[in-house]
Peer 1: 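Dropping a structure here in C-alpha cells format, bear with me for questions.
Lettering follows sequence order; numbering is per chain, from 1.
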Number of protein chains: 2
Amino acid sequence: MPPTMKDKILDAAEKRVRGAGFSAMSFRDLASDVGIKSASVHYHFPTKPDLGEALVDRYTSQFKEHLEQIDTASLKTALDSYVALYSQALVLDETICLCAIMGAEAIGLPKNVNQKTKAFFKMNRMWLLDLFQRNGVQNPEDTSCLIVAALEGGMIVASSSDDRAMFDQIAKAAIRSIVTI
Amino acid sequence: MPPTMKDKILDAAEKRVRGAGFSAMSFRDLASDVGIKSASVHYHFPTKPDLGEALVDRYTSQFKEHLEQIDTASLKTALDSYVALYSQALVLDETICLCAIMGAEAIGLPKNVNQKTKAFFKMNRMWLLDLFQRNGVQNPEDTSCLIVAALEGGMIVASSSDDRAMFDQIAKAAIRSIVTI
DNA sequence: GCATGGCTATCTACCAGTTGATAGGCTTTC
DNA sequence: GAAAGCCTATCAACTGGTAGATAGCCATGC
C-alpha cells in the first residue's frame, strides 16, 4: 500500500529535523514538502509537540525493528551491524541521528518530546547491555553508555567536520576498545 | 574592569544557545536578558551569523586557554583535567557544549558558523593527539577522535536522560579504554 | 573657556516576512 | 448523512533587520 499522508509528513519532518533541528522546522515547510497546505498538516498533527512526539516514537520503533534483526551470535559482528545502522544514516541520508539533535535541543523542547528522546537512548543502552552481559564484556553498564555516546557524538563531530570517514574511524576505535582483535 | 555590553550579550547568547540551540534564540531574547532593546543588539552584532561567529570564536579561545593550563606531565591526570572541563559545563552551567549543539544544527546554520565549529573540534583533536603521541598511546589519531566524540555525545545523552552521573560514567569508561589502571 | 563636530551606544518606531494555530467551507467516500 | 481530508482565509505573536532621533563623551581649535 502507498504511504499515508501522515507518513509522508513524518518523512518530511524527519528529514528536516535531522538536518537543521526541531525548532528550525515549520508546518509550512512540511506542507510544501508533501504538497498540501499548512492547515492540513495541523489536521494530522494538531500541535508541534504532537508532531515531535510522533516523530521520535516512529523513529524509535523503526530503530528497534532493525535492532531485532541483528544476529547477536557473535559479539564482533553484532557490534559491526549496530554501527552500520548509524553509519547508514550518516552516509546515505547525509543527516545525523534524530535523537542526537533532539537531545541537544532538549531544554528548548516540549517535555513529552524529551521523554521520547530519553526512551530512545535507554533502548539503545539496554540492547547493548544485554549483548555485553551475554558476552562477558567487562563493565557492561559503563561500556554500553560509552558506545551510545561515542556513536551519537561521532555523528555530530564527523558531520560538522564534513568528514564522513571520521565516523568510521570513531566507530572502529570504539569497537576496538571492547573487542580485542 | 566591568564586562562590556558586547560580552554581556555573548554571555546571554551562550546560555541560550547551549540550552535550546542557535535557531531557538532571538535578538529580542538577548535584548531582554541584558536590559537593552533588540535594535541595540544589532548595533553590536549586525546580523545573526555575525553573532554566531563571534560566539563560537570566543568559546573556542576560552576553551583553548583552559587547555593550555592543563599539566600534561602525566597522561592520566591530563585526561582527568580534560574531562573535568566538559563535566563542569554540564554540572555547573547545566548546559551542554556549545559546539555539540551547533554541530548538531550544522546544516541549518550559516557557513561561517560551521567553519568555527569545525575548528573547535579540530583544536580538541589536535590537543589530544599531541598528548597521546607523547605518551605512546596506540592508534593516537583514532583514539583522539573517539574521546572527543564520546565526551560530546556523552553530554547529549546524559543531559537528555536527566542523569548527570551518566556523563562521569561515560568519561570514566572512555579513559579506561586508554589508560589501563 | 568653550563651541564644534564626530563617535558611541542607546532609543523609538517601523517593516516585511514567518510562525503555530483556528474557523469554517468544500469535496469525496463510505 | 456523516466522516475524512483537504482547502481558503485569517489571526496574534514573533522574527531579523532598518531608519532616524537622541544623549553623552571626547578631542580639536579658536
Peer 1: Walk along nucleotides 2-16 of chain D from 5' to 3' and tag each nucleotide B, S or - by protein heavy-atom contact under 4.0 Å, base first, then sugar-phosphate.
Peer 2: --SBSBBBB----BB
Peer 1: Going hydrophobic residue to hydrophobic residue with side-chain gaps under 4.5 angstrom, can you get from B:I175 over to A:I147?
Peer 2: yes
Peer 1: Could you go through the salt bridge (Lys or Arg N to Asp or Glu O under 4.0 Å) check for B:D163 and A:K118 one step at a time?
Peer 2: CA-CA 10 Å; B:D163 182 357; A:K118 189 172 168 176; over 6 Å; no
Peer 1: Can a salt bridge be assigned to the pair A:D33 and A:K15 using a cut-off of 4.0 Å between side-chain N and carboxylate O?
Peer 2: no
Peer 1: Using atom CG of A:L51 as one end and atom C1' of C:dT19 as the other, report the distance to the nearest whole Å.
Peer 2: 14 Å
Peer 1: So, the side chain of B:D71 versus the backbone of B:A73: is there a donor-acceptor pair under 3.5 Å, distance only?
Peer 2: yes
Peer 1: Are A:L85 and A:M166 joined in one hydrophobic group, where the rule is that I, L, V, M, F, W and Y side chains link up if heavy atoms are under 4.5 Å apart?
Peer 2: yes
